[in-house]
Visitor: 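Below is a structure I'd like to ask you about.
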Number of protein chains: 2
Amino acid sequence: MSNNGKITPRKLSGFMELAPSKQVIFNNMVDNIRKAFEDNCFLPLDTPVLELSEILLAKSGGEIDKEVYAFKKGDTDICMRYDLTVPLARYVAMNSESLNYPFKRYQIGKVYRGEKAQRGRFREFYQCDADIIGNGELSMVADAECVNLLCEIYDKLNLSDIVVHVSNRNILFGMIESLGYQDKASEVLTILDKLNKIGKENTISCLKDMGLKEKDSTLLVNLTSKSGIFEKVLSEISTLSQNITFVKGVNELRELNSYLLAMGAKNYILDIGIIRGQNYYTGTVFEGHSKSHPEFGSVGGGGRYDNLAGYFTDKHLPGVGVSIGLTRLFDLLDSNDMLGQVPQTTAEATIIPLGDTLTCCLQLGAYLKSQGIKSEVSYENRSFKAKLKDANRREVPFVIIVGDEEVANKKYMLKNMKASTQEAFTQEEIVNEIKKSRS
Amino acid sequence: MSNNGKITPRKLSGFMELAPSKQVIFNNMVDNIRKAFEDNCFLPLDTPVLELSEILLAKSGGEIDKEVYAFKKGDTDICMRYDLTVPLARYVAMNSESLNYPFKRYQIGKVYRGEKAQRGRFREFYQCDADIIGNGELSMVADAECVNLLCEIYDKLNLSDIVVHVSNRNILFGMIESLGYQDKASEVLTILDKLNKIGKENTISCLKDMGLKEKDSTLLVNLTSKSGIFEKVLSEISTLSQNITFVKGVNELRELNSYLLAMGAKNYILDIGIIRGQNYYTGTVFEGHSKSHPEFGSVGGGGRYDNLAGYFTDKHLPGVGVSIGLTRLFDLLDSNDMLGQVPQTTAEATIIPLGDTLTCCLQLGAYLKSQGIKSEVSYENRSFKAKLKDANRREVPFVIIVGDEEVANKKYMLKNMKASTQEAFTQEEIVNEIKKSRS
C-alpha cells in the first residue's frame, strides 16, 4: 500500500467523514437537537465510548454479537458501545441513590456497529438520545414530554414534513390476547410490523400461514392500518375489545393525548401500525416519518420501557426515551438534496492587503471580530487578482481592499460580491454595511 | 461479579464520567472553545475515532505502541486514534487537491491512550485542536493567529490567570549549534526542558556530565531562563549569537510579535524555556501556564511544523496548530475548586400542581418555554411538601404553585426561593419577574 514510498491515505469504509462545509450543517443540526433537549431541562451525560464487555453484553448473556467491536486490552475485555441505552442503564444503576427523579438526561455521541458496509449504513454514527427515568413509577406526562420533544426537534430542524406517529403496544398485544393468540404474540407483531412494506393481502396470508383464522387476521390487519388524528382513531377502536390490556392501551393513549394538547404539541398522529422491533418497549411507542419520503422509514423514535437497569440492580426504574440516529438522517437529507445551501466558508469578509498594509489588515480584522463579524486576512503570498478570484469562488459575501491610500485615509474599499458594488468606508461604516446585509 | 444474580455496574478505570451538573460546566467550556475557533473562521472536521492501523502507525513504522488501543475486526487491523493530528494529516493528504489554502480546520473530539491509570491521567480525553495548513508555504501570520487564538480561549474560559508562553525552537537550537554541540542537540534540549523542574545548578551539572563545557552550560541555562515581555527579552538576547539559525529564530519572533500586537493579543510573554517535547515542531512553540498554579504545567499549547503529511503525500504542507487537552484541564480546575458554582439543575422554575391542575401546569410550562424560560412541571406522585423541599434542595430559583383557585383567577403563586418572597402573578408577569432576576 505505498506510492513513492508513501502510505496511501485512506479511511475505513462505512465511516462518514464530511467535508468541512457539510460538517457546518451537520453541527448546526446537532446544536438544534441539543437546544431542544436543554430547553426541556434534560441534563447532559457523556459516558465513555468504551465499556467493560460484561456490562455491554449483559443482555446477551455475555455472547458477543458479531456487529460489536470487542477487543482485549491487557487482561480486560472491552467493547465499544453500540447504543447509549446500556451505558445509561449502567450509569443509573451505579448512581441510583444520588440522582434526582424523574432523572432527565440527554446524550449525543458516537456509537459503533460493525454492520455490513452498504449505502446508508454506517459503522460509526451519532445517536441523540433523551430519556426520563422514574424511581419505582413514572407518570404518563413523561411519555408526552418525549413525544412533544421529538415534534419540537423536527420543527427546529425545519423538517416540517416529518410527522410523529404514536401508538401504544398494549393495543395490538391486547387484541392478539383477546383473540387467543398470546403464545404467538411476538411472531404476530413481527408480521404486522411489515404491513406497510408487503401490503394488506400478503400480511393476511402470512398470518393465516401461522395458523390464525382468516377473520382474526383481517381484524388485526385492519386495526394495524388505523391512523389519523387521535380523537378520531380512538373513537373508532375503543369499543373493539374489552380485553384489559387493550383497554389499558386505549386509556393510556387518551391520557397521553390530553397532555400533548396541553403542551401544544404539533405534527403528531395516532398510528396503530407503529410497533418498533425492540421487545423492550412496553407501552407508548412513536416514530418520525416523512410524508413526502415514506421510503426513509423511521427517522427517529422511542417509547416506554418497564425497567431500565434490570441486569444491574434490583431497583425498579421505569423509563421513556427518544432517540435519533443523526448520521443516517443527515445522509438521507444529503443524498436527496434536502440540506439547503452548503456554505463554502464561514467568513463574512476577506481582507486583502494591497502593498505593505498587512499590519493594518490584521488590526481591521481584530476590530471586525470585536464587533461580532468573522473575517479573514488574505495573507498568502499570491497575486491580488488570485485572491479576489478565490474569494469569489468561495462565495465570501464581502471583500475589503486595504491599500496604502486607504490606510492613510482610514477608509477601506468594501466590495459587495453579490451586488457587485464597491465603496470606501470607515471601519465603523463597514460593520454597519455588513450587518445590514445579513438576512 | 454479581450481586443477587445481577452484574455489578462499573465503568472502566481511567475514564472520566461526570455527574450531569458538572457536565453542564464541561460543555460550557467546550462551547467557549468552539466559539473561539469559529470566530476565527476555522472550519469543523469530524474524522472517525477508528483508523486503519497502517495510517495511525505510519510514524512508528507500523509498530504498535503499548498505549494504543489496537484490534482486529475481521481481516482489518484497526486502531483508536491517540491524537487528532495524524487523522488530520490523513484527511489533508486524501483531499489535498480540493481544499482551500491556508486550510483552517478545528476538531474537538475524544482520543484514546491506554496509559497507566493514575490521578489526573485519562485513557479517554477530549482534545480541542485548531490547525492552519499551507500549500508549499505558510506565512508567520498563521503562527500569530494560533498564539492569539490560545490567548482568546483562556480569556473566554475566564482563566485570566493563564499566560501564553511563546518561544521559537531556532533560538536554542541555533545557540547549541553555534557552540558546536549540534550532534547532541536533541539530548541537550531534553535536559534544558527540565530546567523549571530541577533548577539551574542541577541542569548545568547534567549538561557538564554530557560533556559540555561549564561556560557553555551556564550560557545555555541562562538563555533558557530568559522570559518576559517580547521587546525586552529580544533586545537582551538578539546579539548573543550570529549563528544563522539563531538569527532566524530572533527574526521570526520579532515578526510574530508585530502581528500579535496588530491583532491586539493579550496575556502572552516570550519564554525561551518553552521547548515542548515533540521533535516535529520546527519554529514557533507556545504553551499556556497558570501563574498561581505552576504545578499544573502546560495546559494547552502548540507550534509550527515543517510538513504535516510527509508519510502520506509528496506535497509539502507546512502547518501551525494549537491543542488543548480539555479533560485534564477540567480535572485540574475541578480538583482545585476552580470551576465556580456547580448548578444542580438547569430549570429556572418548578411548577407544582396543587389539586387537579396538571393540565394547566403543562400549559403554563409550554407558555414559559415559548418565552425562553426553562421550567419543569413536578408531576411525580409525591406530596406538595416533598416537592417544595426537593426544589429547594436542588436550588431551583423559582417555584410556581398552581392550585384550583389560581387556575380560576389566572394568577399563579410565584415563590422566589432565594429571596423567600411570594406573590400571585399572571403568566406574563411571571415571565417578567423571572427574566428580571437573571443576573
Side-chain angles (χ1 to χ4, degrees), chain A residues 1 4 6-7 9-12 15 17-18 20 23-24 27 38-39 41 43-52 54-55 58 69 71 73 78 90 93-94 100 102 105 110 114 124 137 139 141 258-259 262-264 311-314 346-347 359 362-363 366 369 374 376-377 379-381 394, chain B residues 1 4 6-7 9-12 15 17-18 20 23-24 27 38-39 41 43-52 54-55 58 69 71 73 78 90 93-94 100 102 105 110 114 124 137 139 141 258-259 262-264 311-314 346-347 359 362-363 366 369 374 376-377 379-381 394:
Chain A
M1 280 303 174
N4 289 346
K6 307 286 178 185
I7 293 163
R10 56 199 186 102
K11 66 170 184 65
L12 284 159
F15 287 69
E17 183 168 78
L18 299 170
Q23 190 67 46
V24 169
N27 290 358
E38 294 184 348
D39 282 353
C41 292
L43 290 169
L45 192 65
D46 182 15
T47 64
V49 167
L50 301 181
E51 295 272 354
L52 287 159
E54 65 173 28
I55 299 294
Y69 287 94
F71 58 94
K73 178 83 181 164
I78 295 178
R90 193 261 309 146
M94 272 174 80
N100 297 310
R105 90 82 180 80
K110 289 176 167 181
E124 175 186 68
E137 56 176 2
S139 160
V141 177
S258 73
Y259 299 145
M263 290 171 177
Y311 294 105
F312 308 123
T313 175
D314 286 328
T346 54
T359 302
L362 295 174
Q363 284 165 345
K369 185 159 65 177
K374 291 179 194 173
E376 54 186 20
V377 175
Y379 51 72
E380 324 90 85
N381 188 13
R394 291 188 297 128
Chain B
M1 280 301 176
N4 290 344
K6 306 285 178 185
I7 292 163
R10 58 200 184 98
K11 67 169 184 65
L12 285 159
F15 287 69
E17 183 168 77
L18 298 170
Q23 190 67 45
V24 169
N27 290 357
E38 293 184 348
D39 283 352
C41 294
L43 290 169
L45 193 64
D46 183 15
T47 63
V49 167
L50 301 181
E51 295 272 356
L52 287 160
E54 65 172 28
I55 298 294
Y69 287 95
F71 58 95
K73 178 84 181 165
I78 295 178
R90 193 260 308 146
M94 273 175 78
N100 297 309
R105 89 84 179 81
K110 289 175 167 182
E124 175 186 67
E137 57 175 0
S139 159
V141 177
S258 74
Y259 299 144
M263 290 171 177
Y311 295 105
F312 307 123
T313 175
D314 285 327
T346 54
T359 302
L362 295 174
Q363 284 165 344
K369 185 161 64 179
K374 291 179 193 174
E376 54 187 21
V377 175
Y379 52 72
E380 325 89 83
N381 187 13
R394 291 187 297 127

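Quantities reported herein were computed from a predicted structural model and do not represent experimental measurements. Quick note on labels: first sequence line is chain A, next is B, and so on, each numbered from 1. All values below were derived from every heavy atom in this structure, side-chain atoms included, with hydrogens, water molecules and symmetry-related copies excluded.
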Visitor: May I ask you to test the B/Q23-A/R105 pair for a side-chain heavy-atom distance under 4.5 Å?
Guide: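 Side chain of B/Q23 against side chain of A/R105, heavy atoms only: no contact under 4.5 Å found.
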
Visitor: Could you check if a side-chain atom of A/D314 sits within less than 4.5 angstrom of a side-chain atom of B/K6, using non-hydrogen atoms only?
Guide: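 Yes, close enough: below the 4.5 Å cut-off.
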
Visitor: What residue, out of A/R90, A/E380, A/Q363, A/R394, has the most heavy-atom pairs lying under 4.5 Å from chain B?
Guide: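 Max contact count across the listed options: A/R90.
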
Visitor: Please flag which part of A/E137 lies under 4.5 Å from any non-hydrogen atom of chain B: side chain, backbone, both or neither.
Guide: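 Side chain only.
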
Visitor: For a quick test of reading the model, state the closest non-hydrogen atom pair linking B/P102 to A/Y379 and the distance between them.
Guide: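 Smallest interatomic distance, heavy atoms only, reads CG-OH, 4.0 Å.
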
Visitor: Taking side chain as everything from C-beta outward and backbone as N, CA, C, O, which of these in B/K374 sits under 4.5 Å from a heavy atom of chain A? Side chain, backbone, both or neither.
Guide: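 When you check distances to chain A, atoms from both the backbone and side chain of B/K374 fall under 4.5 Å.
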
Visitor: Do A/M263 and B/V377 come close enough that some side-chain heavy atom pair is under 4.5 Å?
Guide: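 No. Closest side-chain heavy atoms not under 4.5 Å.
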
Visitor: Which one wins on heavy-atom pair count under 4.5 Å against chain A: B/L43, B/T346, B/V141?
Guide: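 Highest number of heavy-atom pairs under 4.5 Å: B/V141.
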
Visitor: Do B/K11 and A/L52 touch side chain to side chain, with heavy atoms closer than 4.5 Å?
Guide: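 Sidechains of A/L52 and B/K11: no contact.
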
Visitor: Does a side-chain heavy-atom distance below 4.5 Å link B/E124 with A/L50?
Guide: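 Answer no - side chains too far apart.
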
Visitor: Taking A/E376 for its side chain and B/C41 for its backbone only, find out whether a donor-acceptor pair lies under 3.5 Å.
Guide: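 No, the answer is negative, given that no donor and acceptor are paired below the 3.5 Å cut-off.
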
Visitor: Is B/L18 in contact with chain A via its backbone, its side chain, both, or neither, using a 4.5 Å heavy-atom distance?
Guide: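 B/L18 touches chain A through backbone heavy atoms alone.
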
Visitor: Is there side-chain contact between B/K110 and A/D46, with at least one heavy-atom pair below 4.5 Å?
Guide: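 Result yes, sub-4.5 Å side-chain heavy-atom pair found.
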
Visitor: How about A/I78 and B/Y69: do any of their side-chain heavy atoms sit closer than 4.5 Å?
Guide: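 Yes - at least one pair of side-chain heavy atoms lies under 4.5 Å apart.
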
Visitor: Under 4.5 Å, counting heavy-atom pairs only, tell me which of B/A93, B/P44, B/S139 racks up the most with chain A.
Guide: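 Highest number of pairs under 4.5 Å: B/P44.
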
Visitor: Do A/I55 and B/I7 have side chains that approach each other closer than 4.5 Å (heavy atoms only, starting at C-beta)?
Guide: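 They are in contact (side-chain heavy atoms under 4.5 Å apart), so the answer is yes.
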
Visitor: Between B/G114 and A/K73, which heavy-atom pair has the shortest distance, and what is it?
Guide: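 Nearest heavy atoms, B/G114 then A/K73: CA-CE, 4.3 Å.
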
Visitor: Only pairs of heavy atoms separated by less than 4.5 Å count here; which of B/N27, B/V24, B/V49 has the most with chain A?
Guide: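 Answer, by heavy-atom pair count under 4.5 Å with chain A: B/V49.
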
Visitor: Using 0.5 Å steps for rounding, measure from the CD atom of A/E51 to the CZ atom of B/F15.
Guide: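 Answer rounded to 0.5 Å: 9.0 Å.
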
